[in-house]
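Residue numbers run from 1 in the order of the sequence given. Computed from a predicted structure; not experimentally measured.
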Amino acid sequence: MQIQRRKSIRLKNYDYRQEGAYYITVCTFEKIEIFGHIMDGKMVLNDIGKIVYDEWKNTEKLRPNVLLDAFIVMPNHIHGIIIMNWSMSDDTIKNDVPNKFRSPSQTIGSIVRGFKSVSTKRINIYRNSPSRYVWQRNFHDHIIRNEKDFNRIREYINNNPKQWDYDQYH
């Protein structure tokens, strides 16, 4: 019997610990709409959506090299910009977070994996449903290469609820 290896969707030979900006999209399992709904072009988070929102924000608190820019929790996915900045030191920011909560791996993959793990755990406690899937396997990423790209993505994120009827994840 042959063991199949999963094919990576990451950019080959790219160091995802590298400083820079990354556009991330993470979808729910089977794209089920569990985080709330769109009303009048605005996202209305339910309790599960608020958990996702809080855990995304916590990502920045737990990782001294991460800044979060624009993000939106949608009914069945989250879009966000993560900025990796290694010049920030533990001494100058986020020094109130105990080391035991810091991941030794500082790649985009480990950041998203940590977010998905902790949000799944909290959501499943809330739903009283241990081991239930919340997220699809993997995530989509785009390396932001210039200011024009950055601004275009930020605008897309901010306008995403208004475009829900046309969204590929809807």
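In this structure the side chain of Pro161 reaches within 4.5 angstrom of the side chain of Ile72, judged on heavy atoms. Pro75 is listed as a side-chain neighbour of Met43, based on a closest heavy-atom distance under 4.5 Å. Looking at Ile34 and Arg127, their side chains come closer than 4.5 Å, going by heavy atoms from C-beta outward. Using a 4.5 Å cut-off on side-chain heavy atoms (C-beta onward), Thr120 and Ser117 make no contact. Counting heavy atoms from C-beta outward, Ile81 and Phe150 have side chains that approach closer than 4.5 Å. Counting heavy atoms from C-beta on, the side chains of Glu60 and Leu67 come closer than 4.5 Å.
Counting heavy atoms of neighbouring residues, nucleotides and ligands inside a 6.0 Å radius, atom CG of Asp40 does not exceed 12 of them. Surrounding CZ of Phe71 are more than 12 heavy atoms belonging to other residues, nucleotides or ligands, all under 6.0 Å away.
If you check the side chains of Tyr22 and His142, you find no donor sitting under 3.5 Å from an acceptor. Side-chain contact of Thr25 with His77: a donor-acceptor pair under 3.5 Å is absent, judged by distance alone.
Within the 3.5 Å criterion, the main-chain N or O of Phe115 finds a donor-acceptor partner in the side chain of Ser119. At distances below 3.5 Å, at least one donor-acceptor pair connects side-chain atoms of Thr59 with backbone N or O atoms of Glu55. Listed for the Asn46 side chain is a donor-acceptor partner under 3.5 Å among the backbone atoms of Gly49. A side-chain donor-acceptor contact under 3.5 Å links Asn124 to the backbone of Arg132. Judged purely by atom type and a 3.5 angstrom limit, Lys116 uses its side chain to pair as donor or acceptor with the backbone of Gln136.
Linking Ile, Leu, Val, Met, Phe, Trp and Tyr whenever their side-chain heavy atoms come within less than 4.5 Å leaves Val134 and Val118 in two separate clusters. One hydrophobic cluster, built from ILVMFWY side chains closer than 4.5 Å, holds both Tyr126 and Ile32. No path of Ile, Leu, Val, Met, Phe, Trp and Tyr side chains, each step under 4.5 Å between heavy atoms, connects Phe29 with Val52, placing them in separate hydrophobic clusters. Hydrophobic clustering (side-chain heavy atoms under 4.5 Å, transitive across Ile, Leu, Val, Met, Phe, Trp, Tyr) keeps Val44 apart from Ile51.
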Q: Just do the side chain to side chain contact (heavy atoms under 4.5 Å, CB included) check on Asp47 and Lys50 with the steps written out, would you?
A: CA-CA 5 Å; Asp47 289 343; Lys50 289 174 187 173; 4.3 Å; yes
Q: Check the pair Cys27, Arg137 against side chain to side chain contact (heavy atoms under 4.5 Å, CB included), reporting the backbone distance first and the verdict last.
A: CA-CA 9 Å; Cys27 296; Arg137 184 178 66 83; over 6 Å; no
Q: Mind running side chain to side chain contact (heavy atoms under 4.5 Å, CB included) on Leu45 and Val73 for me, showing each step along the way?
A: CA-CA 8 Å; Leu45 297 174; Val73 178; 3.7 Å; yes
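In this structure, the separation between CD1 on Ile157 and CE on Met74 is 11.0 Å, given to the nearest 0.5 Å. To the nearest 0.5 Å, atom CD1 of residue Ile111 and atom CG of residue Leu68 are 9.0 Å apart. If you take CZ on Arg154 and CD1 on Ile144, they are separated by 9.0 Å, rounding to the nearest 0.5 Å. For the atom pair CE (Met84) and CG (Asn65), the distance works out to 5.0 Å, reported to the nearest 0.5 Å. Rounding to the nearest 0.5 Å gives a distance of 14.0 Å between OG1 of Thr28 and OH of Tyr133. Here Glu19 contributes atom CD and Asn85 contributes atom CG; the two are 5.0 Å apart, rounded to the nearest 0.5 Å.
The existence of a salt bridge linking Arg152 and Asp149 is confirmed by a sub-4.0 Å separation between a basic side-chain nitrogen and an acidic carboxylate oxygen.
Taking the six-membered ring for Trp and thresholds of 30 and 60 degrees, Phe35 and Trp135 have ring planes inclined between 30 and 60 degrees apart.
For His140 and Tyr23, the ring centers are positioned 6.0 Å apart or more.
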